[in-house]
Amino acid sequence: MERRYITVVKPLKEHILQVDFVSGSRLFLDMKPYLDKMRFRSLTDPQVWNSALTNGIFVRFGNVELSHDEILSMAEQEHDSPNN
């Protein structure tokens, strides 16, 4: 049996990534703070950004890959930032 954590990913305007989980939860992750990092720079290209897909465990944008654990960690950092 293959584990699945993510059901749907949807790249939204202004680099917000919608992630729907098998639990029924939905996360809106702001990717803008990461776009200046080398790893995520290609996401500034609309074609790459809009190519987001998932296999249930990872989210892929071309050659950029995020695990569900990493997505949750990024969301926690966003939530814990002093600007919130």
Side-chain angles (χ1 to χ4, degrees):
M1 181 174 123
E2 185 177 319
R3 291 184 185 242
R4 293 180 52 86
Y5 304 98
I6 301 168
T7 56
V8 176
V9 293
K10 185 175 181 182
L12 304 175
K13 291 180 181 179
E14 298 190 27
H15 291 96
I16 303 295
L17 182 65
Q18 176 184 316
V19 182
D20 293 353
F21 295 92
V22 296
S23 66
S25 297
R26 176 173 283 171
L27 171 68
F28 294 96
L29 181 63
D30 184 355
M31 292 294 295
K32 287 187 292 298
Y34 302 97
L35 298 179
D36 64 342
K37 297 182 180 9
M38 180 67 83
R39 178 177 173 206
F40 298 111
R41 201 164 287 153
S42 66
L43 300 183
T44 61
D45 177 339
Q47 189 171 356
V48 175
W49 174 251
N50 289 311
S51 72
L53 53 86
T54 185
N55 66 357
I57 298 173
F58 293 94
V59 173
R60 291 188 179 96
F61 305 84
N63 64 354
V64 176
E65 183 175 86
L66 295 166
S67 72
H68 78 285
D69 286 332
E70 187 173 13
I71 290 168
L72 293 174
S73 176
M74 292 165 81
E76 283 181 11
Q77 289 174 358
E78 182 178 293
H79 179 72
D80 292 340
S81 75
N83 296 331
N84 289 331

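Here ring-ring contact (aromatic ring centres under 6.0 Å, His included) pairs that include residues 9-32, with residues two or more places apart or in two chains, are H15-W49. Residues in residues 53-62 take part in these salt bridge (charged side-chain N to carboxylate O under 4.0 Å, His left out) pairs, two or more places apart or across chains: R60-E65. Within the structure, salt bridge (charged side-chain N to carboxylate O under 4.0 Å, His left out) pairs that include any residue of residues 39-49 comprise R39-E70 (at least two apart or interchain). Residue pairs satisfying the salt bridge (charged side-chain N to carboxylate O under 4.0 Å, His left out) criterion with at least one member in residues 15-26, sequence neighbours excluded, are listed as follows: D20-R26.
Annotation for G62 and S51: closest pair N-OG, 3.5 Å, computed over non-hydrogen atoms. The heavy-atom pair separating T44 from L35 by the smallest distance is CG2-CB, 4.0 Å. Residues L17 and V9 approach most closely at CD1-CB, 4.4 Å, considering heavy atoms. The two residues S42 and V48 come nearest to each other via the heavy atoms O-CB, 3.4 Å.
Side-chain contact between K32 and I16: present, with at least one pair of heavy atoms (C-beta onward) separated by less than 4.5 Å.
Within 6.0 Å of NZ in K10 there are 12 or fewer heavy atoms belonging to other residues, nucleotides or ligands.
Residues passing the side-chain contact (heavy atoms from CB on, under 4.5 Å) test with Y34, sequence neighbours excluded: M31, K37, F40, M74, Q77.
Residue V8 belongs to no hydrophobic cluster, having no ILVMFWY side-chain heavy atom closer than 4.5 Å to its own.
Under the 4.5 Å side-chain heavy-atom criterion for ILVMFWY residues, a single connected hydrophobic cluster contains both F58 and I71. A continuous path of Ile, Leu, Val, Met, Phe, Trp and Tyr side chains, each step under 4.5 Å between heavy atoms, connects L27 with I57, placing both in one hydrophobic cluster. Cluster membership for L12 and I6, using ILVMFWY side-chain heavy atoms within less than 4.5 angstrom, is not shared.
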